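Single-structure report; data block below.
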Amino acid sequence: MSQPYNPEKIELKWQKNWEQAHCFEAEASHEKPKFYALIEFPYPSGAGLHVGHPRSNTAMDIIARKRRMEGYNVLFPIGWDAFGLPTENYAIKNHVHPAGVTKKNIDHFREQLKRIGFSFDWSREVDTTDPAYFKWTQWIFLQLYKKGLAYKSEMPVNWCPSCKCGLANEEVVAGKCERCGAEVIRRVKSQWMLKITDYAQKLLDGLDDVDFIEKVKVQQRNWIGRSEGAEVDFALEDTDEKLRVYTTRPDTLFGATYMVVAPEHAVVDRLRARIQNWDEVVAYREAAARKSDFERTELAKDKTGVELKGVRAIDPVNGRSIPVYISDYVLATYGTGAIMAVPAHDERDWEFAKKFGLPIIEVVAGGEDVQKAAYTDVADGVLVNSGFLDGLSVAEAKKTIIDWLVEHKVGERKVNYKLRDWVFSRQRYWGEPIPLVYCEKCGWVPVPEEQLPVLLPEVDNYEPTDSGESPLSKIESWVNTTCPHCGGPAKRETDTMPQWAGSSWYFLRYADAHCDTALARYDELKYWMPVDWYNGGMEHTTLHLLYSRFWNLFLYDIGAIPNKEAYQKRTSHGMILGANGEKMSKSRGNVINPDDTIAEIGADAFRLYEMFMGAFDQAIPWSTEGARGCRRFLERVWRLQDMLTGEERVRPEMEASVHGMIKKVSEDYERMKYNTAIAAMMSFVNELYANSRVSRGELRALLLCLNPVAPHITEEMWEACGFGEPIYKQKWPTWDEGKLVADEVEIAVQICGKVRARIMAPTSLGREDGAKLLEDETVKKLVGDKPVKKLIFVPGRLLNIVC
RNA sequence: GCGGGUGUGGCGGAAUGGCAGACGCGGCAGAUUUAGGAUCUGUUGCCUUCGGCGUAUGAGUUCGAGUCUCUUCACCCGCACCA
């Protein structure tokens, strides 16, 4: 009898063994085909590892281990996304240095990850707060700056009053701060911005060349939000001013009955002298500015606005004089900040027109009465009341009117994107300093590259300020410096970079983690990039995933790296919920601690359960009982040692099962159908138990298949059975299609689609051989004298007799 | 409102248009055991007498539909006045 299964003992043994053998480190040689597997590097929070991390990690660990056995040179790295607010807040509260907190948290995370036995290449660990790392983060920022893609702009930003910090659009969720949930207000600040909008089209086009799960592509496309239309100039009566609008429906130009500009639109100020109700306009503008994004969204249904009395615009196609309004349903930051309103064919305009008693003119026929509702779904509509466009389809009208606009120099074709530039400044301490200084004489001057990194100063107090200044602004000895350009007095930029900075290029660093001459050597990047398979959370789709694609495209454009797209394949795991089906959170009291689970059932069973609990891409509630079931399965596997026969080979009667298992497991790992792969191995073990014996060949096959999921127990049993070199040096097993099927299979016999019997039939029967089965006694009895009208035979599955 | 997704036993979930419920959890029974919250074996969708009914809903295509088409409903995620 074998010893009882003691996961803790064997897991620690093998973890030590792997570490000493350095067997999971990527090979320096570039001879073998490479495979780069990536998981999102964790933010080392004080709370420690969450059960969600191992779901993604185990999934990719399985792929990485399988690829090594398939002969690839595998890079499966790990690191720490360690700048960020929670650490800083903790440091403030406890009067300690964030760097110390970060180190402690990283040490804890590393310990936890090692205890789960992931086959990470620990020799390439990166840490975004390490000066040797963020030197290159700053270097990339300088390249962006030099190419005009980083600029400072006075603009209203999303401001979180609780974090006392500006936020990117991507960090605002339903009008609230993504991190702390506080309501976000708008505040005008001078901010560093990255011109991600210059890359809108490239970010869109790149999606066609990569293998991302569809919902990621869809979400990124929607976020980028390309739309095609035209810009049109409307002259303002009795002035030299023109009001330019953007529209996706230039075909409805004859139906424009008024115009609207955003409250912030500059034309309002320029027309001040003409506006008769200026006080009213100012009051409206102030009210609109005071609204938070949240309020603005809440009040979306009820349209408000004020007419600019004394201002009228002229529709360029028909010379009609129409009024101009300001309203906050028009956004200052999209298009030109002004629209032509066509109430007959736009719901928002329709609502506004109804409320303000403005005319509604139908210009596309084919819908219901436009006085009762806007007709917007105009797919097969025909233009009416539209002069030279009458009788055209919408598509034809669009083309015709744009030609007309161009010819008359009052407009042009235009593409717009919803994507906004990336607000890159954070008024906090624990981030990469932005490597620029401001000189009264020379303006903004980049810190010379040879002086990078710009380090964070030691500070006594990291408290953010209510004034909206970074805590760094209080450190005069750091702020005051000399201008690299003229040598005169200058001041450092005191804002830091957002957390997304370090994570926007870390996958490049892994290719050459200790390089000090570049972000990574070109040769290494050429070999390793792109990432072959990147698994991570859906919540990063329009944040990290988009930002990092942008940086990668940019670095490619300046020749710093050899590949265009960062990631060849992107997949995403579902969330692990609490046992009650709700999101895990401290306040709900349903958090499962990985350490506790591992102490109870072991790391292998923990990994196994995380992969078995359900479909990988779906949210699944945790079940402690289910996790114990996985431990039970490993116990059963363990006891197979006691059922070993001396036979070296797979027994003939087990060949179909063995080959079936290998095929199923091999294919299901690739499709991330981990749950069914594991089910197949469970079935195989059940079969072995049913005949109470297992040959060495059968056990070998099982251990090889199970190894990527449960690496410790399989190595231990492999060694105990004397199967030779450790599994990590073995080849991935292959299967023989010819051995998958037995000679005879069970066929379901249906009469008119209803199953009436099951018979055994030779596997060799083809689709045309169904009639032969009518000779079977059981079938004869079922059919009786009835004439057979039709016969459908599906080889290996069923026979359907239609009488 | 728009976009994406999901709906199958008591539970998590399986099913290239071809035997619905694999596998696991939970339950039940038996064996073994001083004992079992260990292990092994069997059993477990529902109603039942034959047999019937079952994949959110209603229709359709098909010899055959959980799977394809259309309808309705419910829930989840993302975006949200983007002209």
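Quick note on labels: first sequence line is chain A, next is B, and so on, each numbered from 1. Here the structure is a predicted model, which is why all the values come from computation and not from measurement.
Here B/G13 is the nucleotide among B/C79, B/C23, B/G13 with the atom lying nearest to any side-chain atom of A/Ala615. The side chain of A/Tyr689 lies closest to B/U41 when the candidates are B/A83, B/U39, B/U41. Side chain of A/Tyr329, nearest nucleotide from B/A80, B/C81, B/A14: B/C81. Distances were taken from every side-chain heavy atom of A/Arg636 (C-beta onward) to each of B/G18, B/C40, B/G24; the shortest belongs to B/C40. Side-chain atoms of A/Ile620 lie closest to B/G12 of the nucleotides B/G18, B/U6, B/G12. Listed nucleotides: B/C25, B/C63, B/G12. Nearest to the side chain of A/Asn800: B/C63. Closest to the side chain of A/Val330, from the set B/A14, B/A83, B/G78, is B/A83. Closest to the side chain of A/Phe612, from the set B/G24, B/G26, B/C63, is B/G24. Of all nucleotides listed (B/U16, B/C25, B/G78), B/C25 comes nearest to the side chain of A/Ser623. Comparing atom distances between the A/Met682 side chain and each of B/G24, B/G18, B/C63 picks out B/G24 as nearest.
Nucleic acid contact for A/Arg420: base, since at least one base atom lies under 4.0 Å from a heavy atom of the residue. Residue A/Ser227 is classed as a sugar-phosphate contact, given heavy-atom separations below 4.0 Å to backbone atoms only. Residue A/Val218 is classed as a sugar-phosphate contact, given heavy-atom separations below 4.0 Å to backbone atoms only. A/Asn416 comes within 4.0 angstrom of nothing in the nucleic acid, heavy atoms only. Note on A/Gly335: nothing from the nucleic acid sits closer than 4.0 angstrom, heavy atoms only. Note on A/Asn686: only backbone sugar-phosphate atoms sit closer than 4.0 angstrom, heavy atoms only; bases stay farther off. Residue contacts shown for A/Gln618 are limited to sugar-phosphate atoms, with no base heavy atom under 4.0 Å away.
Side-chain atoms of A/His544 and A/Glu40 form no donor-acceptor pair, as typed in the model, at a separation below 3.5 Å.
Between A/Asn686 and A/Arg636 the shortest side-chain heavy-atom distance falls below 4.5 Å.
At least one donor-acceptor pair closer than 3.5 Å links the side chain of A/Glu610 to the backbone N or O of A/Arg55.
Comparing the P positions of B/G21 and B/A15 gives an interatomic distance of 13 Å, to the nearest angstrom. B/C53 and B/U8 have their C1' atoms separated by 15 Å, with the value rounded to a whole Å. Taking the C1' atom of each, B/U39 and B/U32 are spaced 8 Å apart, rounded to whole Å.
Taking the syn range as angles within 90° of 0, the glycosidic angle of B/G9 is syn.
Judged by closest nucleotide on RNA chain B, A/Met613 is the one of A/Thr247 and A/Met613 placed further toward the 5' end.
Taking 4.0 angstrom as the limit, A/Arg639 places a side-chain polar atom (N or O) nearer than this to OP1 or OP2 of B/C40.
Between A/Pro323 and A/Thr257 the shortest heavy-atom distance is CD-O, 3.5 Å.
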query: Would A/Tyr246 and A/Ser227 count as a side-chain hydrogen bond (donor to acceptor under 3.5 Å, both in side chains) if you check the C-alpha gap in whole Å, the side-chain angles of each, and the deciding distance to 0.1 Å?
result: CA-CA 10 Å; A/Tyr246 172 69; A/Ser227 79; 2.7 Å; yes
